[in-house]
Structures are given as structure tokens and as C-alpha cells.
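Encoded as C-alpha cells, the structure appears first; notes follow it.
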Amino acid sequence: MISQLNIRVYNTLTRQKEPFQTIEPGKVGMYLCGPTVYAEAHIGHMVGPVIFDTIKRYLVYCGFEVTWVVNITDVDDKLIASSRKRGISMAQVATEMTMDYLANLQALGVTQIDYLPRATDNMDEIVRFIEELIAGGFAYANDGDVFFDVTRDAEYGKLSNRTADSQQGEGGGAAAKKRSSGDFALWKSAKPDEPSWPSPWGDGRPGWHIECSAMSRRILGKTFDIHGGGLDLVFPHHENELAQSRCCHGQPMVRYWMHNGLMRAGAAGKVGGKSDRDSAATDSTTDSATEADAAGKISRSKGAGGLHKLIEQQTGERIRFFLLRSQYRSTILFGDEGLEEAGQSLNAFYRLIGRFERLSGQAFYPRVNAAGEVEELAYAKTRSDGHALLAGVSDGLLEELSKLRASYLEKMDDDFNTGGAVSDLFEMSRAINRFIDQQHLEDTKRRTPAGLATLSIAMSVLRELGAIMGLFLKAPKKTGDDGASQTVDGLMKLLIELRAKARASKDFATSDAIRDGLAAVGITLQDLKEGTTWEKA
RNA sequence: GGCGUCGUAGCCAAGUGGCUAAGGCGGCGGAUUGCAAAUCCGCUAUUCCCCGGUUCGAAUCCGGGCGACGCCUCCA
């Protein structure tokens, strides 16, 4: 089964799509660079987790056993700065921000992570790693600091396509201790009052990149399959990680380097800005500088944030769908219009699901029935099961769905092209709605058991493919999941009954007044054959 | 300055050598409806930033230009 798959992955290292072949047949080791937890996460931090969560779901669906690691970097200069500013310990800052990060992941349906190792829990492994690098002649200690010697790595710069001597290197006091400016710190000696850990070179803390090399090795081994992160991490972070690990082990660190595109703030949001260097270098041609600030990269250092609020307003699934609408390597322009549009699209799926549940009496989402058991629409959890379900259908709706399913999978096989695959979901929705219309499944007198049976299978295919993207897994939050819901439901029922009576006696003035009044507060009524339903915008 | 990425309809967004250039949002027309909403059907880019070139054939490859953006410094 697995060997017949034709998955292709874009590899940053080779700058091309390559056939996906794992080191160990049937198994995938995947590492994604997580956050440095010094401040709250912003929307841009969610791009990688959402796409990699989807990649894992897809690989598992295809039959792989996947181990996914996301690191938490909880020791760093910015954490120290933040803890000083707030007068609390670095560990406390880290804990708070880690909780924040995890809550956001949860809200966006990122549930597939297997390990979330923290740098501070892996100090012994980090120190050991550095010792091995020194022993191998790839690193040197100088007055309490340890640096990686980039001149000892002939392949340094290959990932980001740079030459070692084109690097500017960080300035400051550390620069004087380096042999060459491109060398980077593996271990930084502690200044007074800084959090520190003991090491053979004195008390200190790890440099930025080493934790990923150490933790990925501990959990995934010396060479693993996929390493991901944002495009902005290619240099220096991944270049340095790669250099450390390759030199230390004498073997490649990863098979496929995957980088997601960065998010930019739309013109309306002023969370971004051009890089300082760029605007400084530009011979400030009059007014263009101020305009340039209107759209730009989203970054924490420029004050982006408010992710919880955004999730609350938009729902996690909306944001997730918004992110998955485009190919992961492209830049995503973040803005209200896009989110709104994603929401509109999603609503059409929700209506179809509601329609199905209403006319079939079956549960699509998991729900507890009267007997206290959880029931839900059964669906294929694996690619082979899904294939078997539709094998042999030769006409009608199911054949159409079978083709759309094949198209969807083909797009996912091609470097996880979720943006392309989404279109097949839309077409499925349209095909199923058309089927319901044509077979008169809304009409209790005209519908047939066979028609309903076909519908159930069709919906299970939608559920199968939605699940790959982490969509339609549970009922979307309705207006009424809070305390007010029962009251609202009761009021709505009453209004709908009154309106039905008015309509029965052709008193359309009254019925329309009710409908218009509700519309004014954002409630839309839908008159169906079996009664009236309502939905809140 | 060095290294990259991108430029497809009003907007979002697939496609990267050859069937009529996916799909979504929006808009318009129709079916349906008491009227709506929802749903379905049809229409909405003779053309893929511009100019050259390669080719029987290019949105897709090559060269040049224009424009947007990223990295080279902390960043998902």
C-alpha cells in the first residue's frame, strides 16, 4: 500500500519536489520548530502547526506511523529580558507563554503533536552534544563560551544558499571571542543574575540552535524524515542546526526540509512593517516610507498579538480553513476579508451537514444519543478503507464522489496542496446538495431508503476527506452553547410557531414582520418543507 | 549590495509545456418560494504584469524590464 503511494515533497535543500521516501518503511519522523516562549503567540505562529498537523493527519491516513515533535525553546535572551521587565522568573514567563501557545493550538485543532520537549528539560543532552562537537573539532571553547566553527563545515550555507564569508555575524561582546565572524554560539557563559546551568565550560545557557539538534536527536534519531518551520528560519536557525547535526554525526540530519510561507498583514492591519535594514538602506524616496508600513510581515517584535480574541471572534475552524485555503509555501495575506470569506465558505458546508442530519436523522458529528451512547457517522479513517468503500461504484453520485476523492488525494500527494484539494470539497458539497434536490430527499413522501443510504455514504466521504484537514470533526460552536441558549431556543420556537400560524392564514404582513425583525438582529429564517429553521450570522 | 520568492478575473486562489485556464467569495440571470432565505442550474479571465526568445505548441521553459515581498540581525 505505502510503496504504491506517489507523494512528492518540496525540499528547501534541493529546491525541488522529490518523491517521498522514508528512512524506515512506513514510519515518519517529523520535527517542527516551535516557539521561543517569551511573549504571546500571534496568528503567524499558527501557520506551521496547522499545516504540519494536516501533513501528519494525511500521512497517518495514508498508512504511515508518524512521530511529530514540536520544540519549546524556553531559555533565551528575550526570555531573560521579559522576566526582568516583569519581575518574575524566566521559568514563569516560559510556563505562561507555553500555556498560551498550547491553548491556541488546541483552538485551531492542532492535536497531533506527540512530543513537546522543552530546552530546559534537555540540558544534559545539549551539553553532551556540544562536547561531541568539540571532540570532533567542530567547535571551540573560549572563556566560558563555546562556538561552532563554520570553517570546519565544507557544506555550510548549502540550505540557505550562502557562503560562510558573506555572513555578517552577530556583533557585541561575543564577536571578539570568535575565530571567524560567521561562527555562532553553542553555549553562552552566564552574566551575574542570569539563569544558568552547569557545564564543563562554566555556568551558562545554550545558544539558540543547539536545543533543536539535541532534542531532535534524542527523540527522532540522528537522521529523520521531515524538518519544518517558517521560511524565516532557513537562515540562520536551520542552517546552523543542520551544520551542528551533520558535523556531529557524519550523516545527513533530515531527508526533507519543508518551510511554510510567512504571513503578512493586509493593508488594513497595521501590525507589520518593513525590516529596519531595508528601510534604512532605501534612499528614503519621500513619502513611500510611511506607506510601506501599511502592509508587512507580522512579527511579535512589532506588536502583533491578540490571537485569543481573534479565535474567539472567528472560531478556530474558520482560521484553520483560512490557512488551508492556500498552498503552504505561499505568503498568506492576513485580513478580515479573507477570514470573512473563509467563514462564508465554511457555512455552506455546515448547512449541508445540518441538512443531512435533519433529513436522515443520523449524526454527522459525534453526539450522545438518548441511550447515552456516542454516535456519529462512520467514515473511512485510512486511504485504503476509503478506497474500498467506493470501489466498484460505476454511476451516479458515488461515482462522482469517487472521482472527486481521487482528485483530492492527487493534490494532497503533490506537496500537500491543500489549496487545490479544497476545491474538490466544494464540488462534493455541490454534488451532494444536487443529489438531495433531485432525489427529493427533503420530501418525506418522495424519498427512498436507497436514496438516503447513498446520501449517508456520500456524507461519509466528505467526512473522511474533511478529517484529513482537521475540518468538520465536531459541531461548530453555535450561538447557543452558553447559558443563554435555552432561552434563545425557546424564544425562537415561539416566534417560528407564531409566524407559521400567520403564514397558514396568509397573513404575510405579520409573518414578514417577524422575519424582518429577526433579520435585523442577525437571525436568518429558512422555510423548508418540514418546517422553519434559523441560523445566526 | 548579496541570496531568494512571488505577480492568474472585482477580490481570494489552484494549475508550471498541449483537453473548453480548477474552486471559493462577490455580482448578474433562471428554477424553487406567497415573498424571501437556503439549495440547484447558467453567466461572470479569448487570457495568465510587460517585452523579446526557445518550441509544431507556453500562464507554464529562457533572457530582459517593471512591480510586490522575504532573508542576510531576534523571528513561525
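Every chain is numbered from 1 and lettered A, B, ... according to where its sequence line falls, protein lines coming before strand lines.
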With the threshold set at 4.0 Å, does a side-chain nitrogen-carboxylate oxygen contact exist between [X] and [Y]?
X        : Y        : value
A/Lys17  : A/Asp415 : no
A/Asp53  : A/Arg57  : yes
A/Asp153 : A/Lys158 : no
A/Lys188 : A/Glu194 : no
A/Arg405 : A/Glu464 : yes

Could you state the [atom1]-[atom2] distance from [X] to [N], rounded to the nearest angstrom?
X        : N     : atom1 : atom2 : value
A/Asn240 : B/C71 : CG    : C1'   : 14 Å
A/Leu233 : B/G70 : CG    : P     : 16 Å
A/Glu341 : B/G10 : CD    : C1'   : 11 Å
A/His237 : B/U73 : NE2   : P     : 16 Å
A/Arg264 : B/C12 : CZ    : C1'   : 14 Å
A/Met263 : B/C12 : CE    : P     : 15 Å
A/Leu339 : B/C12 : CG    : C1'   : 12 Å
A/Gln16  : B/U60 : CD    : P     : 20 Å

Gap in Å between the two [atom1] atoms, one belonging to [N] and one to [M], rounded:
N     : M     : atom1 : answer
B/C49 : B/U16 : P     : 16 Å
B/U20 : B/G63 : P     : 30 Å
B/A31 : B/C48 : P     : 37 Å
B/G64 : B/G2  : P     : 14 Å
B/A68 : B/G52 : P     : 23 Å

Regarding [X], tell me which of base, sugar-phosphate or nothing describes its non-hydrogen contacts under 4.0 Å with the strands shown.
X        : result
A/Gly34  : sugar-phosphate
A/Gly338 : nothing
A/Gln327 : sugar-phosphate

Min side-chain heavy-atom separation A/Ser82-A/Arg86 under 4.5 Å:
yes
Counting side-chain heavy atoms from C-beta on, which of [options] comes nearest to [X]?
X        : options             : answer
A/Ser326 : B/G23, B/C12, B/A14 : B/A14
A/Val47  : B/A14, B/G23, B/A76 : B/A76
A/Lys78  : B/G24, B/A76, B/C74 : B/C74

Heavy-atom count around A/Tyr350 OH within 6.0 Å, excluding the residue itself: above 12?
yes
Strictly under 3.5 Å: I want the nitrogen or oxygen pairs between protein and nucleotides 3-6 of chain B, one per line.
| unit_1 | atom_1 | unit_2 | atom_2 | d |
| --- | --- | --- | --- | --- |
| B/C3 | O3' | A/Asn161 | ND2 | 2.8 |
| B/C3 | O2' | A/Asn161 | O | 3.3 |
| B/G4 | OP1 | A/Asn161 | ND2 | 2.7 |
| B/G4 | O5' | A/Asn161 | ND2 | 3.4 |

Any chance you could list the contact pattern along nucleotides 34-41 of chain B? Use B for base contacts, S for sugar-phosphate-only contacts and - for none, protein heavy atoms under 4.0 Å, 5' to 3'.
BBBBSBSS
Assigned partner base of [N], Watson-Crick or wobble definition, under 3.5 Å:
N     : result
B/A68 : B/U5
B/C40 : B/G30
B/G52 : B/C62
B/G10 : B/C25

Which label fits A/Phe20 and A/Tyr256: parallel for a plane angle under 30°, tilted from 30 to 60°, or perpendicular past 60°?
tilted
When you measure from every atom of RNA chain B, which of residues 404-420 of chain A have a heavy atom less than 4.0 Å away?
A/Asn417, A/Gly419, A/Gly420
Between A/Asp527, A/Asp512, A/Asp516, which is the residue that forms a salt bridge (Lys or Arg N to Asp or Glu O under 4.0 Å) with A/Arg499?
A/Asp527
Side-chain donor/acceptor contact of A/Glu427 with base of B/G23 under 3.5 Å
no
A/His227: partners by ring-ring contact (aromatic ring centres under 6.0 Å, His included), with sequence neighbours left out:
A/Tyr31, A/Phe224, A/His238, A/Trp257
For A/Lys403, check salt bridge (charged side-chain N to carboxylate O under 4.0 Å, His left out) against everything at least two apart and list the hits.
A/Glu399
The criterion is salt bridge (charged side-chain N to carboxylate O under 4.0 Å, His left out); which residues satisfy it with A/Lys529, sequence neighbours excluded?
none
Using only atom types and a distance under 3.5 Å, with no angle test, would you say the side chain of A/Asp100 pairs donor to acceptor with the backbone of A/Ala41?
yes
